[in-house]
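Predicted, not measured: the structure shown is a model, and the values here were computed from it. First listed ligand is number 1; within each ligand, the first listed atom is number 1.
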Amino acid sequence: MEEVINMNNSVSVSVLSADMLDLGGEIKKIENAGAEMLHFDVMDGVFVKNITMGIPTLQAVRRATDLKLDVHLMITEPLRYVREFVKAGADIVSFHLEAGSDAAGTIAAIREAGAKAAVAIKPGTPAEAVFPYLESVDMVLVMTVEPGFGGQSFIESTVDKIKAVRAKINELGLSCHVQVDGGINDITAKTVTDAGADVLVSGSYLFKAENMAESVGKLKVAR
Ligand code: DX5
Ligand code: ZN
C-alpha cells in the first residue's frame, strides 16, 4: 500500500543552512524540533548560479533519518536524474518547469520510481504555468525567492500567485499541496498560510533560532 505522507500544515527544514561538517547532528536537531520533512536543495551551477549537494549526500542523509526527504531539484534536464534521486532516498521530488524537460514525462518518471512528484516555479513564472499539471502532481512548489541561495528576503509579489494556485486546486477539487520556499519566518509564515500554502520550507530562520522546536512551532500557523 502506498505510504501516506501527512503534509498538511507541515514544515520542511532546508539543510542548505545547516553545518555541513555536522550534518548528522543537524539532522537529529531537525528530528527533535518536530519538523515533518527535510528539504534537500540540489543545484547544478547551470540552472542556478550555485552548486550544492548531490546523490551521495542524499544517500547518506537517507541512512541517517526516517524523516520524509523532500528533494528540490534546481538543475537542467531533471528528467535525466529523477530516477537516481528516488533511488537515493527521495520521498518527494520537485523539479522546475523552467528547466525545460518534458514536464509530463518527468512527473511520470518520478511516480514510476516510487516517489511523490511536484512542479516548482520561480518568482517570475505565472501561476497558470502549473495549471496543466495539477491533476498529476502531489504538490506545487511556489518559490518565494529567486532560487539559488538561502537567507534571501521573501518576495511579496508571490503572494497573489500562491492564492491563484490554491484557488485553482480548490476549483478542480484536488488534494494537491502548495509548498513555499524562500524567506519563510514567523511573520511570512502567516502571510503564505493565509494565501493557501500548507507546506512551508525554511532554512536560515530555523538554523539561526536559539530553539529550533519553538521556531518550527511558530511556522505552523493555524489555517
Ligand atoms: C533557495 C532554496 C531554499 C533555501 C531557503 O534556492 O531553494 O530551499 O534553502 O532558505 P531560506 O529559508 O533561508 O530562505
Ligand atoms: Zn529549496
Can you list the ligand 1 atoms lying under 4.0 Å from a non-hydrogen atom of [X]?
| X | result |
| --- | --- |
| M43 | 6 (O) |
| H39 | 8 (O) |
| L16 | 9 (O) |
| H72 | 7 (O) |
| M74 | 6 (O), 7 (O) |
| P147 | 6 (O) |

Would E36 and K220 satisfy salt bridge (charged side-chain N to carboxylate O under 4.0 Å, His left out), going step by step from the backbone distance to the final call? CA-CA 11 Å; E36 287 78 7; K220 295 188 183 183; 2.6 Å; yes

Please confirm whether [X] comes within less than 3.5 Å of ligand 1 when only nitrogen or oxygen atoms on both sides are compared.
| X | answer |
| --- | --- |
| G182 | no |
| G150 | no |
| G183 | yes |
| Y205 | no |
| S17 | no |
| E146 | no |
| S202 | no |
| V145 | no |
| D181 | yes |

List the closest protein heavy-atom neighbour of [atom]: residue, atom name, distance to the nearest 0.1 Å.
| atom | result |
| --- | --- |
| atom 12 (O) of ligand 1 | G203 N, 2.8 Å |
| atom 13 (O) of ligand 1 | S204 OG, 2.5 Å |
| atom 9 (O) of ligand 1 | S14 OG, 2.7 Å |
| atom 6 (O) of ligand 1 | G148 N, 2.8 Å |
| atom 1 (C) of ligand 1 | F149 O, 3.5 Å |

May I ask you to check whether H72 and F40 place their ring centers less than 6.0 Å from one another?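 Ring centroids of H72 and F40 are no less than 6.0 Å from each other.
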
Neighbour count >12 (heavy atoms, 6.0 Å) for atom OH, Y81: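 Atom OH in Y81 is not packed in, count stays at 12 or less.
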
Only N/O/S atoms count here: what is the atom of [X] closest to the Zn ion (ligand 2) called?
| X | result |
| --- | --- |
| D181 | OD2 |
| H72 | ND1 |
| D41 | OD1 |

Decide whether a cation-pi geometry holds between K122 and F47; the criteria are a distance under 6.0 Å from NZ or CZ to the six-membered ring centre and an angle within 45° of the ring axis.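 Cation-pi check for K122 and F47: passes.
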
Do the side chain of T144 and the main chain of V180 share a donor and acceptor less than 3.5 angstrom apart?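 Not confirmed, T144 side chain does not pair with V180 backbone.
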
Determine whether a donor-acceptor pair (N or O, by modelled atom type, separation under 3.5 Å) exists between the side chain of R111 and the backbone of S136.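 Confirmed, R111 side chain pairs with S136 backbone.
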
Under a 3.5 Å threshold, yes or no: a donor from one side chain and an acceptor from the other, between [X] and [Y]?
| X | Y | answer |
| --- | --- | --- |
| Q179 | D70 | yes |
| D41 | S14 | yes |
| D138 | H177 | no |

Could you check F95 against M74 for side chain to side chain contact (heavy atoms under 4.5 Å, CB included), going step by step and ending with a plain yes or no? CA-CA 7 Å; F95 68 95; M74 287 160 276; over 6 Å; no

Just list the side-chain donor-acceptor pairs under 3.5 Å for residues 27-35, sequence neighbours left out, or say none.
unit_1 : atom_1 : unit_2 : atom_2 : d
E31    : OE2    : T65    : OG1    : 2.5
N32    : ND2    : K28    : O      : 3.2

Give the minimum heavy-atom separation between L206 and S215, together with the two atoms involved.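 In terms of heavy atoms, the two residues are closest at CD2-CB, 3.6 Å.
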
Mind checking whether V178 and V199 have side chains closer than 4.5 Å, heavy atoms only?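 No. Closest side-chain heavy atoms not under 4.5 Å.
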
ILVMFWY cluster membership beyond V145 - transitive side-chain contacts under 4.5 angstrom: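 Members besides V145, by chain and number: L141, M143.
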
